Each structure stands twice: as C-alpha cells, then as structure tokens.
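Residue numbers begin at 1 in each chain, while the letters A, B, ... track the order of the sequences. This is a predicted model, so every value here is computed, not measured. Values below: every heavy atom of this structure, side chains too, minus hydrogens, waters and symmetry copies.
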Amino acid sequence: MKDFKVYDHKKLDQKWRKAWDEANVYKTTEDADKEEFYILDMFPYPSGAGLHVGHPKGYIATDIISRYKKMKGFNVLHPMGWDAFGLPAEQHALKNKVHPKINTDENIARYKEQLEKISLNYDWEREISTTDPEFYKWTQWAFIQMFKKGLVFESNEPINWCPSCKTGLANEDLEDGKCERCDSEIEQKPIRQWVIRITDYADRLLADLDKLDWQESIKESQRKWIGRSEGAEIDFAVKDSDDKIKVFTTRPDTLFGATYMVLAPEHKFVQKWIDEGVIENKEEVENYAKEASKKSHIERGDMTKEKTGVELKGIKAINPALNKSGEANNEELPIYIADYVMADYGTGAIMAVPAHDERDFEFAKKYKIEIKDVISGRKNEDEAFIGSGKLINSGKFDGMDSEEAKKAITEFVGGKMTVSYKLRDWVFARQRYWGEPIPLVHCDKCGVVPVPEEELPLKLPEVESYEPTGTGESPLAGIDEWVNVKCPECGGDAKRETNTMPQWAGSSWYYLRYIDPHNSEALVDKEKEAYWSPVDFYVGGAEHATRHLIYARFWHKFLYDIGVVKYNEPFKKLQTVGLIMAEDGRKMSKRWGNVINPDDIIDEYGADAFRTYEMFMGPFDQAVNWSTKGLMGPKRFLDKVWKMQDDLASESSKKVQAQLHKTIKKVGEDIEGMKYNTAISEMMILVNLAEKECISKNDFEKLLLILSPFAPHMTQELWSILGHNTFLIGEQWPNYDNLLLIEDVVTVVVQVNGKNRAELILPQDTSEQEVRELALANEAVDKWVKKTGSGEVKRFIYITGRVANIVVQ
RNA sequence: GCCGGAGUGGCGAAAUUGGUAGACGCGCACGACUCAAAAUCGUGUGAGGCAACUCAUGAGGGUUCAAGUCCCUCCUCCGGCACCA
C-alpha cells in the first residue's frame, strides 16, 4: 500500500533535470539591482578516465553555496569549463593516431554528461575550453601585451628538461626534482626558451597576499615560494685580475669574517679561468664541475650528505673590508667551487663566513679553513653562531650592532643593499604540439615581431606527427608552410615561433572569460568585469598553491596594469577541498582498481544521496575515505524526509518549532562557513524529532527549502506535490525567528567542585538565586556538599541555562 | 631541519570557542514485523563496576570553580618547502 512512498530517483531526478533545463533556470545575466556573487570551481582537465567520486566534492560544495546565495537574493555567477590543453591528450593522440582535439572533445562530452547527472547549477551557456581558438585568441593576445611591455624575453640558459616528455619545464612543474607528469629525473639543458618576467611582480605577489581571505597554509606556501630575502650585493676583487666576483649575502655585517669564497660549479668565471689557464689544478676542477652537473636536483639538494668542493689553486679573491681597512696581510681569500652553492640563486657566488653560517662552518671544518668570529655571542665551539650581536674583529665597526652594521659595511665597501627571490622567471615555452602557439615571428631584419592582433587567433595547424622531436624544437617546426611567413613589419621572409605555451597559460585567466564568454572584441567587457569581479569564492585542490594560483595572480596583475581588469587580485576568498580517498585508504586510481564511479552511485542511490553524503563525510577541507556503507546514513535521512509528506499535522509541536528555527539558523551559517557536515546533522536532528512529534505542512516546507541546496531533486518533487509550481532555486531562503529559538525549559547541570552531581530541568527564566536554592535543595547535591571537605559552600557559579558549580571548601 | 595543520569510541566525526566530552552518522547487539530474508521501526552501544561511582580527548606538567579547548615540555601522523647564502 505504501509502494509509491519510495522516492523513485531514476525517474524523478531525470524529470526535474529536464524541467530545469527547459526552463533554463541556471542562466545568469547581469542585474545591477542585485548584489553579485561569483563562485568558482577550479576547472578540470578532462582526462580519459572520466570522473571518480572524489572529483565532484568541491563542485557539490560550490553548488550548494550557489543555490543558497541565489535563494538569499544574490545574482550568482557559477560557471564551468575545461582546461583541455596538455600532455595526456597528446600522448593519446600519439598512441592512437587521432588528433588530440578529437580525444579532448570526447573527454569533455563524457565529463559534462557525468557532471550533469549531479545537477550542478552551472550556466552552461558560459562554458569555455582553453583549446577553443576563440578562447586562446585572448591567451595569445595577453601574451603579446606582455611581449610589448618587455615582460617576455628569449633565453638560452639551461633549464629543466624532461627527457621523457621531451620538453622544457618551469620550476613549478617539478616535484622533488622530478617531472611532475611522468616522474622522470630532470636534466639541466640549454634550450632556446621564451621566459616571462614574473619576478618583476614578486614584491606585489608577496605583499598582496596579506589582504586575501585565503587559508594561511596556502599563503605561507606562496610566501615561501616567492622567497624574498633582503641583503647586499658586494664585489670581491680577484687578485692580479680585473674580474670581480659579485656575491649576494644577507649578512654583510659579517664581511670581516669572510675567510673564503665559493662559486657554483656552473659559474661563468670557472670556465673563463680554465680557458685563460690561470687555474693550476685545472683537471681536478673540471672533473668536479662535470660531476656536479651530472648530479640531479635531489642529490644536490640533499643537505644530509657531506659538503664537497675543490679549491681553485692559483687564484685568490680580496676581502674588500679588510682591504679597505688596510689589513693587507690577511685580506686574501681562497676560492672554491662547491655544489652547495646554486648557480641560479643570488649571484651564484657567496662569501663564506664559517663562524656565522652553518653550511660554511661545516665546509671550513672539513677543509681546515680559518673560522673567524666577528659577532659576539658565541656559546658553543662546535657550531656556527648565526644570531645577531655586537661586532668584533671588524676594524672601525667593532661594537656596532649587527643590524646597523649591515648597511654601514655595505656602504663602506661600495656594495648595495638589494633583494633576492627564490621565485624564478616563468619558462613559458614547451616543445610540444598540444598547446597554444606562441604568436611571435622571427625576422632576420626586424628581430622578433608579434603576430598582428587582428590575425589572432593564431590557430594550431594540423601536423603529420605529434611526436616531440626531442631536439628542443616542437613538432610545429616540421610544417614548412606554417613556419615560413612574411614578416608583419617589413614583409620580408620570416619564420614563426614553433614552441607552444605551457598548460598553465589558459588557466591563468579563464575565470575572466566566463564573465563575457562570447566577446569577440575584447578579452572581457569592462563593465561586466567591474560588475562580477573579483571571484568572491574559489574552491579547488591544494596542489595548485604554488602553480596555478601564483600564475593566475601574476597574469591578473598584469591585466590590471594594462587596464583590462578593475581589481588587482583575482580571487578574494579561497578554500581547498580535501581529497576523497578509496575505501582502502589509497588514492583512487586505475592502477589500484579502487575507483568508484559517481554514475554507478547515482544510478543506485540517486544524485541527492550522493550529494548529501559527500558533504556529510567530514570536514570539507579534510581528506576522507569513501564508504558506500556510510552513504546509507544520508540516504536513510532523505528517505525519512520523503515519508514525512504523509504525516503532516495542522501544527508543529513546540519542540519541533524550536528545533526548526535552530536548524534554519545553523544550516545558513554552516553553508557560509563550509561546515556542511554539521548542517546536515542538524537537519537530521530535526527530522528525527519531527518523526516522534509532529510537523506542520508550513514548517515542512521550510525544511524543504533549506534542504534543497543539498538534495535539489527530491525536495523539488515534494515541493511540487505540496502544490507549488515554482522552482525551489528561485524561492526565498526562510528566516528564523529568534524568539522561537528559545526553549522554555533548560537542563542545568549541577556540579560540586567541578564534578557533575545532578541535573535540574528548570523553566528558561529561572533566576540565579532560585537555581542556587533548588540546587542546594537537591538530595544528591546536598549529599556531595556534605561529603566534600568542610561541607561549607564557598562559592556558587552559574552559567545561565547550562551549568551551576558549587565550590565547597 | 624549517613552515603549516592535526591527534577525541570499533569507524567518519561533533562540542555554542573555557561550561554536561562523544551530537549526527556508520558499524555492532537485542527486540518488533516476516514462513524466512531484505527493507523498515524500537532499544542499547567510550572503558571498568551488580551498583553507588571511578576513569577517559597522543604523553607529562601547569593555570582555573571548571580544560578536548589556554600556557610549558615532549611524542606521533599528514601536507608544503628544503644546502636560498
């Protein structure tokens, strides 16, 4: 008889998806009368494997916020698109001999189908793909603007080279010195590259972090990645030579204590001096440099291993501080090469002050180099003293405070205060096929000339083979008819740049295009941009902390500088998603055979149960293991809500009323605070209570409203059954009544000396005096008071409606 | 090594930010319905104890009438960075 009381998710989920689709309920337009809210997911790379249950977690969360905000009266922008350039599609193309576009389009279609089953409220009319020429036209356009502003330069310096992917990579693309994609050891290889001067923005990228509402951990990662340090650049003369070794140091105050110098093995002077024949132990030096270059990043980065180095015999540097102070007798410093000094940080050369630097101390001990204290404060003979203090053994600077001495000594020796960063310029070219062509032309006469803007997009041409050449050139280099062009400036013969952009290019600004996805005149319309920007809330994986999130901030600041956007930061608030692991605690992967497909779950339990469970699993930013059994909790909860339609009363009980208003308040607050798990549990409490007591139709409808962002299909069906012909997403979020939040009786726990001894159920408005009298009159309390100590009540503490503590001496 | 975060039942977790530790859910046990099972519903479920009670939030100390929450020392796990001068 109660057959129909099972919510038929297969039929009804689909029914409502269709109805929403036909009514185009998710369409978003600018509306100056409404406050805007832009909520964004990090768009996915549509891989061939399709979505597993972990992927939609963030999307469901933003979907809930989006629905909630819409019900609160905001005009919400909530779009989705595809970050579709990249190696997997290209590798698939190589293997199967089909164009990567075909594979990419298939994957996108599959992803979209999977996402649609979850009923995420995206405005699909704003869908974008980074591989769409109408999109990458503007990626290329922005690049050209950077080129024109001198932010782009060509370089032949050695860069990270992945021998397996056969392409150069940026520092951000490495993980533990290995290729982030394929795990191969990275080599240093000189390749002709296009590089973007992201370091010009280092200070702003650092400073503006302070005003962002982001998790501290992400901001901290970025600060570390940018790695700003203040110090001085000081020139050291080389004896009997015009060469000057420039060093960067954060401790110019310890200059008098510099007792040797170290150059990175790759330092240009090493080869120069070998060529000039001034190095006496040439062979030894050459061997060491060769060994060092062979070592991987990981080996060189291993701090636990003993430091090694070789002295450059026959050459001495001059300590400029001692020289200026007239201490010619000990001003000469031996010069070493050692792999603990990195070529790509600072100047690639250091002054070594063993007394006050741990690494130099270790090295000096090993090679028996003088250790000379120049800062007082040493407590231990066995290690370097790295603190600050008063200067000693430093000529006329003796007694000066080290902070003050930094500047004074730098000036004294003619150096300059400067700032150094760990952030490297952005290696922006890849020797691969499936990426945006870099819109530059090489002309013998005019040099490098950008492709004229009216010729954009510069489309990726068809090729015979997608195979990377491995020679440092992209597959595009093989297409003569594409490579050979006329110079846009002089009209003479010229050649196209054949490298493509890295995968991070499109994702560095895609969020702006959703605002105005079909604009053919501009990257984004200024008024629309001013209305929607910045992104109010951005949700995605923490793995993007130092890649995408730095590039996008940089790209945005550049667009700000050239007047394209109104704000200088793209993402106001950022929240990371905790991963969903497999039931066995490992990452979901084909390799382990532990992947759970959302399609299967939705098929069996419905989209609402799937959505609600993912939000109920635990704190949003925390990793959790999937459990299909665990899903049954939220599923049962939804079934109970479904059944409630039969038992609606004319009036809700007092308790239910109080709980309902408490729940409305908590669900709203928890959605804003991304505490979905407790929002759902509060609704469970309400439903459990309503089952025991009674709930009115009107109150039940309020429950449907607040549950609808989590379980949009079933609540919509119930809403319709109850006689409404509107869509819940267009309804108003219910208000709660503060008066109803107050329950008329409260349970007060009575403690004696902090231990619970009795419970009193009292009218809400019982006065402290009354509570005191009632508590002391309680038998159990009285017993404990008499039993404890002197039995004399010394203090009475009452926390209204909660706890009374009787302190007995 | 440095930075960031976290340690609470068999499990996922909650705790009004100093006020009844374990809400809510999973699992488990018993019961109801059923010829039986599933589903559903009810009761119970931190440990010890017949009970009164005692113990219990990684370990140890401290502050407080009162500590998961604050302070000190230490341990473990996860994430990030790592010879950055």
Side-chain angles (χ1 to χ4, degrees), chain A residues 2 6 175-177 215-225 227-229 231 247-251 254 262 264 297-298 300-305 307 338-342 344-353 356-360 362-363 420-423 542-543 545-546 576 578-579 613 616-619 621-637 639-640 643 662 666 675 677-685 687-688 691 747-759 780 783 794-808:
Chain A
K2 293 221 163 184
V6 176
E175 245 163 43
D176 293 333
Q215 276 158 277
E216 202 45 44
S217 59
I218 303 277
K219 292 208 258 187
E220 216 28 58
S221 298
Q222 290 213 351
R223 288 189 189 108
K224 282 271 151 57
W225 192 263
R228 182 182 203 271
S229 65
V247 304
F248 173 74
T249 176
T250 55
R251 293 299 299 273
T254 62
V262 187
H297 257 66
I298 320 169
R300 273 188 76 167
D302 184 4
M303 310 193 325
T304 54
K305 84 172 188 327
K307 290 179 179 31
D339 64 6
Y340 80 91
V341 171
M342 305 293 155
D344 63 355
Y345 182 76
T347 60
I350 63 162
M351 64 176 212
V353 185
H356 305 292
D357 181 278
E358 284 169 14
R359 296 150 302 181
D360 299 344
E362 189 194 322
F363 191 86
S420 192
Y421 299 94
K422 268 170 69 183
L423 184 72
E543 69 275 17
T546 52
T576 56
L579 287 178
Y613 171 57
F616 185 65
M617 290 177 85
D621 57 350
Q622 198 175 296
V624 262
N625 294 359
W626 176 267
S627 156
T628 305
K629 262 189 181 166
L631 181 141
M632 292 314 292
K635 167 76 177 147
R636 283 179 195 133
F637 157 68
D639 287 345
K640 284 185 199 173
K643 285 182 195 148
K662 194 176 158 203
K666 181 150 178 70
K675 290 157 80 181
N677 52 336
T678 50
I680 294 165
S681 80
E682 198 66 29
M683 289 188 279
M684 286 171 166
I685 292 169
V687 168
N688 290 343
E691 265 192 335
T747 306
V748 175
V749 169
V750 184
Q751 304 179 327
V752 177
N753 276 7
K755 294 216 183 268
N756 301 349
R757 297 304 182 192
E759 268 182 17
K783 188 182 92 186
K794 199 190 163 207
R795 259 177 90 184
F796 180 81
I797 292 145
Y798 179 53
I799 308 299
T800 312
R802 298 198 171 278
V803 176
N805 191 8
I806 297 162
V807 185
V808 179

Item to check | Spacing of the P atoms in B:A66 and B:A56 (rounded, Å) | outcome: 15 Å
Identify the pairs formed between an N or O of the protein and an N or O of nucleotides 43-45 of chain B at a distance under 3.5 Å, and give each distance.
none

Item to check | Interatomic distance at C1', B:C81 relative to B:A14, whole Å | outcome: 33 Å
Checklist outcome for this item: Taking every heavy atom of A:N677 against every heavy atom of A:P619, the minimum-distance pair comes out as ND2-N, 3.7 Å
Checklist entry - Just checking A:V807: base, sugar-phosphate only, or nothing, at a heavy-atom cut-off of under 4.0 Å? => result sugar-phosphate
Item to check | Nearest atoms (heavy-atom pairs only) where A:M342 meets A:A264 | outcome: C-CB, 3.8 Å
Item to check | Atom pair CE (A:M632) and OG (A:S627), whose distance is rounded to the nearest 0.5 Å | outcome: 10.5 Å
Checklist entry - Any chance CD of A:E691 has more than 12 other-residue heavy atoms, nucleotides or ligands included, within less than 6.0 Å? => result yes
Item to check | Spacing of CD belonging to A:E682 relative to NZ belonging to A:K666, to within rounding of 0.5 Å | outcome: 6.0 Å
Checklist entry - For B:U69, does the O4'-C1'-N9-C4 (purine) or O4'-C1'-N1-C2 (pyrimidine) torsion place it in syn, i.e. within 90° of 0, or in anti? => result anti
Checklist entry - If you measure from the C1' atom in B:G7 to the same atom in B:G68, how many Å do you get, rounded? => result 11 Å
Next on the checklist: Any base atoms under 4.0 Å from A:R636, or only sugar-phosphate, or nothing? Heavy atoms, all strands.
Outcome noted: sugar-phosphate
Checklist entry - When all nucleic acid strands are considered with a 4.0 Å heavy-atom cut-off, which category describes A:K219: base, sugar-phosphate, or nothing? => result nothing
Next on the checklist: Restricting to side chain to side chain donor-acceptor pair (under 3.5 Å), what partner residues turn up for A:Y421, sequence neighbours left out?
Outcome noted: A:D203
Checklist entry - How long is the line joining CG of A:L631 and C1' of B:G27, in whole Å? => result 15 Å
Checklist outcome for this item: A:N753 CG to B:A67 P, in whole Å, measures 11 Å
Checklist entry - Can you list the residues that meet the ring-ring contact (aromatic ring centres under 6.0 Å, His included) rule with A:Y613, with sequence neighbours excluded? => result A:W626
Checklist entry - What does A:K422 touch in the nucleic acid at a heavy-atom separation under 4.0 angstrom: a base, only the sugar-phosphate, or nothing? => result base
Next on the checklist: Can you list everything that forms a side chain to side chain donor-acceptor pair (under 3.5 Å) with A:T678? Sequence neighbours excluded, please.
Outcome noted: A:D670
Checklist entry - Within the structure shown, what part of the strands sits under 4.0 Å from A:N688 by heavy-atom distance: base, sugar-phosphate, or nothing? => result sugar-phosphate
Next on the checklist: Say we look at B:U45 and B:G22: how far apart would their P atoms be, to the nearest angstrom?
Outcome noted: 11 Å
Item to check | Partners meeting side chain to side chain contact (heavy atoms under 4.5 Å, CB included) with A:I797 (sequence neighbours left out) | outcome: A:R795, A:I799, A:N805, A:V807
Checklist entry - Rounding to the closest angstrom, what is the interatomic distance between B:G12 and B:C83 at atom P? => result 36 Å
Checklist outcome for this item: For A:T800, the side chain to side chain donor-acceptor pair (under 3.5 Å) test, sequence neighbours excluded, returns none
Next on the checklist: As a check on the pairing definition, encode RNA chain B in dot-bracket form, counting Watson-Crick and G-U wobble pairs whose two distances are under 3.5 Å, and using | for partners outside this strand.
Outcome noted: (((((((..(((......[....)))((((((.......))))))(((....)))..(((((..]....))))))))))))....
Item to check | Same-atom distance (C1') from B:C71 to B:U64, integer angstrom | outcome: 12 Å
Expected rows: protein N/O vs nucleotides 53-57 of chain B N/O, under 3.5 Å:
residue: B:U54; atom: OP1; partner: A:R757; partner atom: NH2; Å: 3.3
residue: B:U54; atom: OP2; partner: A:R757; partner atom: NH1; Å: 3.3

Item to check | Summary of protein contacts for nucleotides 3-19 of chain B, nucleotide by nucleotide, where a base hit scores B, a sugar-phosphate-only hit scores S (4.0 Å, heavy atoms) | outcome: SS-------BSS-B--B
Next on the checklist: Rounding to an integer number of angstrom, what distance separates B:U57 and B:A39 when you compare their P atoms?
Outcome noted: 37 Å
Checklist entry - Is A:I350 touching bases, backbone alone, or none of the nucleic acid, heavy atoms closer than 4.0 Å? => result base
Next on the checklist: salt bridge (Lys or Arg N to Asp or Glu O under 4.0 Å), that's the test. Do A:D639 and A:K643 meet it? Break it down for me.
Outcome noted: CA-CA 6 Å; A:D639 287 345; A:K643 285 182 195 148; over 6 Å; no
Checklist entry - Do any side-chain nitrogens or oxygens of A:R795 fall under 4.0 Å of OP1 or OP2 in B:C65? => result yes
Checklist entry - Does a salt bridge link A:R359 with A:E362, judged by any charged N lying under 4.0 Å from a carboxylate O? => result no
Checklist outcome for this item: Sequence neighbours excluded, the answer for side chain to side chain donor-acceptor pair (under 3.5 Å) partners of A:R757 is none
Next on the checklist: I'd like to check the side chain to side chain contact (heavy atoms under 4.5 Å, CB included) partners of A:N625; sequence neighbours left out, ordered by chain and number.
Outcome noted: A:M581
Next on the checklist: Please report the distance separating the P of B:C33 from the corresponding atom of B:G25, rounded so that it comes out in whole Å.
Outcome noted: 25 Å
Checklist entry - Sequence neighbours excluded, which residues qualify as side chain to side chain contact (heavy atoms under 4.5 Å, CB included) partners of A:V749? => result A:Q751, A:N756, A:E759
